[in-house]
Amino acid sequence: MTGLEHLRADFPVLRREIGGKPVHFLDSAASSQKPVSVLEAMDEFYRCCYANVHRGAYTLSVESTDRYEAARTRVASFINAPDPDQVVFVRGATSALNLIAHGWGGTHLRAGDRILLTEMEHHANLVPWQMVAARTGARLDFIPLTPEYRLDLEVFEDKLDDDVAVVGVTGMSNVLGTIPPIPRIAEAAKGVGALVVVDGAQLVPHQPVDVQSLGADFLVFSAHKMLGPTGIGALWGRPERLEEMEPYEGGGEMIADVQLHSSTWAAIPHRFEAGTPPIVEAVGFAAAIDYLEKVGMDQIAAHDADLTGYALDRLAQVPQLSVYGPAGVEGRGGVISFTLADVHPHDLATILDQHGVSVRAGHHCAKPLMRHLCVPATARASFYLYNTRADVDALVAALGTASDLFGVG
Amino acid sequence: MTGLEHLRADFPVLRREIGGKPVHFLDSAASSQKPVSVLEAMDEFYRCCYANVHRGAYTLSVESTDRYEAARTRVASFINAPDPDQVVFVRGATSALNLIAHGWGGTHLRAGDRILLTEMEHHANLVPWQMVAARTGARLDFIPLTPEYRLDLEVFEDKLDDDVAVVGVTGMSNVLGTIPPIPRIAEAAKGVGALVVVDGAQLVPHQPVDVQSLGADFLVFSAHKMLGPTGIGALWGRPERLEEMEPYEGGGEMIADVQLHSSTWAAIPHRFEAGTPPIVEAVGFAAAIDYLEKVGMDQIAAHDADLTGYALDRLAQVPQLSVYGPAGVEGRGGVISFTLADVHPHDLATILDQHGVSVRAGHHCAKPLMRHLCVPATARASFYLYNTRADVDALVAALGTASDLFGVG
Amino acid sequence: MSLEELYREVILDHYRNPRHRKPLDRADAHAEGVNPLCGDEVTVELTVADGTITDVAAIGQGCSISQSSASMMTDAVLGKRIEEVRELIHRFKAMMDIDREVDLGLDPERPGAVLGDLEALQGVRRYPVRIKCANLPWTTLQEALDQLSDS
Amino acid sequence: MSLEELYREVILDHYRNPRHRKPLDRADAHAEGVNPLCGDEVTVELTVADGTITDVAAIGQGCSISQSSASMMTDAVLGKRIEEVRELIHRFKAMMDIDREVDLGLDPERPGAVLGDLEALQGVRRYPVRIKCANLPWTTLQEALDQLSDS
Ligand SMILES: Cc1ncc(COP(=O)(O)O)c(C=O)c1O
Ligand SMILES: Cc1ncc(COP(=O)(O)O)c(C=O)c1O
């Protein structure tokens, strides 16, 4: 117990009832709920001082621009980036990874280069690389998992050679909960001059992250998984890597000059922010970070670990239930994938939902990993700061009903 | 006078005072203000039933998905698209144009093909084509303007030949207000088999648009210019053209299957919506369309015309003021660009702002057009349903102060 | 409505003991269906003689709803004439259409009217997100039939 | 604060009658500055002898603030030693820094301390979005100086 229960009052959705039962929201890995302070920040901004940014000399536009740029500073400080201009606002982690794959990879990868990913990447950190590999002639290669669901670092180091141009790795698996040792991986990758791309979509919301010690060249994450709104995410990049990257989208705001037949790009980060950005979403993103920091990222990580440990223990007692992911809470986040006997995860999700328990069922946008695990799908429960042991208890109780219905155990 | 004044109460920003004076917001062409109903729709959605879409079998996720898809249907019906699946949600008009330029142009353009744009395109409908031209060897060509600030359709028809693969045209100029005759242009373009791309960022918010009679292959627009939130826009496409288009971003949601080394795409429109989409923004977008339709698009167009006519008349009486755009309200929308003697537009904007009058000053993301007009910048006033003649009067009065300060007239 | 009404015995029985799950040696039509959102898959194979389904197989993986629906479907269509099968598809989809007040058409006089075991899937109507699961085999069957008429 | 304090006579005078606007025949340094957001442009050219600015030009287009700032700047730096000019740049930027309580440094004993006409630009501090306009020529001048020290 880590004493964050009082925070639940800040999240209106958690007062919902589903089928007459209080909601137990266990799908924060897909998207988190939002505290009132985030909703109010956005609402108030629309009501008081909304206007388009960067282009106006009038008060509302200046205020809007200031709030938008202040949000950039807020995001930068959250990950300890030395300069706000190292933060690019994007639609989300997926957009950011596409920008990197196409904008950096598209101009730097050569036939024969290798892009080294892991077998547990989310499609967002796989499909863009497949696309750019097809275009450039680079090849994909994969770091396998150990039987303990961790990255096989020995194989990784074997595979690392001068042909490896990119190492792309998730900061935390959205299926297994596995947290690979990024600094170690990054250091090895740097040794062969590879670009290190970290998909922080799951990591950044749940653990303190400091880009100055992480070792990555690029780090991406989405606001909606960390108490913020949909429609925005961030890409952090090392200045020299950002300089190497070509813009992926053209349009207003991202240019220095436009002639009829050619254009020159604006300074970084605006070069990568074509068109009207998600202005109000940036304000909400900043408010979400304020909230997270008030609670404290260390606290949040400890809370996740506490719940995860409790849940792993309780789930271990459910007959015929299999968990896919590292044992224990060391090097693992608050994401638990499981199956129950021959009950299909989709059926499980429906049954749990009838008990107010919201879990995800499916391939979790990680089909190659599903194949590796030899399951078509899993059910997944994931935790965040507003979850409690009562949520875990409700999950376990509902699994009992599922077992009864399907005659398991 | 068209009697929409009662609507002002729905827009909280309009109650703002700036420098002790009520705000006269005349920059809706950059981004519109939002009615309370839109803000409440988003806020309520976050509070009652938010979850990620498409991937969950539990109630919240189902509700969320239903609302998101209902928004698609709402957008489709607004432009009279026969099928919601012809509508792709994107970050905004800029993203949509990049998707078309790269996703369609990148695979269909050949060296020697011509991309025919107009001299008044926004950078959003120019820079992406420059980028794809550089990649494919296609060339850009431009339809010039007549001295009356209209498209020169004779030159257009002269330039049309079998090499023209794309005709890209704005539905309404964001600088001049000019509304080109799209159906006529589209018909001619179809005659040579060219793809017709209409940038509806300014048109769709201000006039009734029916894609079944417009003649375009693609139409794009942004929610934030039509009472909706930032962070979302729409791309409408003819089914056969959407089929021809390659996805531009890879990731979750947009795939049918992912193997380690290759993937197959999901059905349209999801194929073009990689990653977590702007879910709540879609709900806000739908609420904005509800609002617009309740007022009535014909009403809105009439209101714009009334104000524009009034403003053109009043501005004609300001000494040494030049308006850039068609005379009269025929074939022209509620966007008025102007300069005052040698007062730089940026100075003008500051002076007007001190009188509560918000206008934009600059190149309006249309640098080639600025060069054509031989001005580095203009000031621009633009109208929407919440503006009144009092806003125009305030503008004219403030221009008087500017003249005094700068000793004009 | 209780979960027991969704997960009826007969559904679980078809899920655990699917009928006609062996690929056909010789198929006149073969269609694959997949629900990309949940990953459910069904492959349908048919042999046809004189306008009648003489053999059928449904092979797949997925939740109890999609797989039992597939299994029941094979029972229901075997030996039926193609028109009857089309009528059955129509009736089944009507049963799943939450926007319709359905006459389940249990009139035994009408060809293809009797849904039999399939009625057990009625409970799915109350779980809109699962309707696609129930429909998947039927949509795939329809594709297989369309192949026959194309050739 | 009234608009009159922003748009002082001296500013409008420099805007309408910019000093040193003719390109130099021979320049030791040449830098171009642009504010992409508003489109303001300033080109700065310098000739230098013995560490002293012997000729200067500022050519540009833009608002009264950027262009008068450029014009006043040319007056202020002509004939000054490079260290003095650097000090002047520093002081000017300090004057424009809204986060600082500035000592305007009008102490005539210190080299480069006297801002002279430039003080008229103080009013810009109240219009944060215009500060970039006022600074543009100075940033460009700084670039030009950096070229000198690079070569
Ligand atoms: C004509 C036109 N096209 C495209 C755009 C770009 O829209 P957005 O910035 O929402 O992507 C704008 C708005 O700035 C516009 O006025
Ligand atoms: C590990 C990981 N990477 C990337 C993503 C993609 O994030 P988004 O959908 O916000 O673009 C997700 C979320 O689904 C994720 O869990």
Side-chain angles (χ1 to χ4, degrees), chain A residues 12-13 18 27 30-31 33-34 39 43 46-47 50-52 55-60 91-92 94-95 98 122-124 126-128 130-131 140 142 222 224 229-231 249-252 255 257-258 260-263 274-276 278-281 346 349-350 353 358 360-362 365 367-368, chain B residues 12-13 18 27 30-31 33-34 39 43 46-47 50-52 55-60 91-92 94-95 98 122-124 126-128 130-131 140 142 222 224 229-231 249-252 255 257-258 260-263 274-276 278-281 346 349-350 353 358 360-362 365 367-368:
Chain A
V13 166
I18 287 173
D27 194 23
S31 196
Q33 298 300 337
K34 326 299 173 196
L39 305 184
D43 196 65
Y46 272 129
R47 286 169 193 258
Y50 174 78
N52 211 331
R55 299 181 217 168
Y58 58 88
T59 305
L60 288 176
R91 208 199 54 220
T94 301
S95 279
N98 277 280
H122 188 279
H123 294 164
L126 170 55
V127 181
Q130 291 180 342
M131 291 164 87
L140 299 186
F142 295 88
S222 295
H224 71 91
T230 51
E249 294 200 332
I255 53 90
D257 190 23
V258 177
L260 279 173
H261 292 272
S262 65
S263 301
T276 302
I279 303 166
V280 182
E281 288 79 358
H346 214 172
T350 297
D353 187 43
S358 305
R360 191 136 294 235
C365 296
K367 281 203 153 199
Chain B
V13 165
I18 286 174
D27 194 24
S31 196
Q33 297 299 338
K34 325 298 174 196
L39 305 183
D43 196 66
Y46 271 128
R47 286 169 192 257
Y50 174 78
N52 211 330
R55 299 181 216 168
Y58 57 88
T59 305
L60 288 177
R91 207 198 55 218
T94 300
S95 279
N98 277 280
H122 188 278
H123 294 164
L126 170 56
V127 181
Q130 291 180 343
M131 291 164 87
L140 298 186
F142 295 89
S222 293
H224 71 90
T230 50
E249 294 201 333
I255 53 90
D257 191 23
V258 176
L260 278 174
H261 292 274
S262 65
S263 301
T276 302
I279 303 166
V280 182
E281 288 80 358
H346 214 172
T350 297
D353 188 42
S358 305
R360 190 136 295 233
C365 295
K367 281 204 153 198

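FYI, side chains are in, hydrogens and waters are out, and symmetry mates aren't considered; it's all heavy atoms of this structure. Numbered from 1 within each chain, the chains take letters A, B, ... in sequence-line order.
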Next on the checklist: Do Q33(B) and L60(A) have side chains that approach each other closer than 4.5 Å (heavy atoms only, starting at C-beta)?
Outcome noted: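 SC-SC contact between Q33(B) and L60(A) confirmed.
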
Checklist entry - Are the side chains of S358(A) and T59(B) in touch, meaning some heavy atoms are under 4.5 Å apart? => result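 Heavy-atom side-chain distance check fails, nothing below 4.5 Å.
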
For each of [options], tally heavy-atom pairs with chain B at distances under 4.5 Å, and name the one with the top tally.
options	result
S222(A), G92(A), A349(A), G231(A)	G231(A)
H123(A), K367(A), E249(A)	E249(A)
V280(A), D257(A), T94(A), T230(A)	T230(A)
L140(A), D27(A), T350(A), L39(A)	L39(A)
A51(A), A274(A), A124(A)	A274(A)

Checklist entry - L126(A) versus chain B, heavy atoms under 4.5 Å apart: side chain, backbone, both or neither? => result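 Just the side chain, heavy atoms under 4.5 Å.
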
Checklist entry - Are the aromatic rings of F142(B) and H261(A) close, with centres under 6.0 Å apart? => result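 That pair passes the under 6.0 Å test.
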
Checklist entry - Of the non-hydrogen atoms in P128(A) and G250(B), which two are nearest, and what is the gap between them? => result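 Heavy atoms of P128(A) and G250(B) come nearest at CG-O, 3.5 Å.
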
Checklist entry - Where does I279(B) contact chain A at under 4.5 Å (heavy atoms): side chain, backbone, both or neither? => result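 Both backbone and side chain.
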
Item to check | Side-chain (Q130(B)) to main-chain (L260(A)) donor-acceptor, under 3.5 angstrom | outcome: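 It does hold such a pair.
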
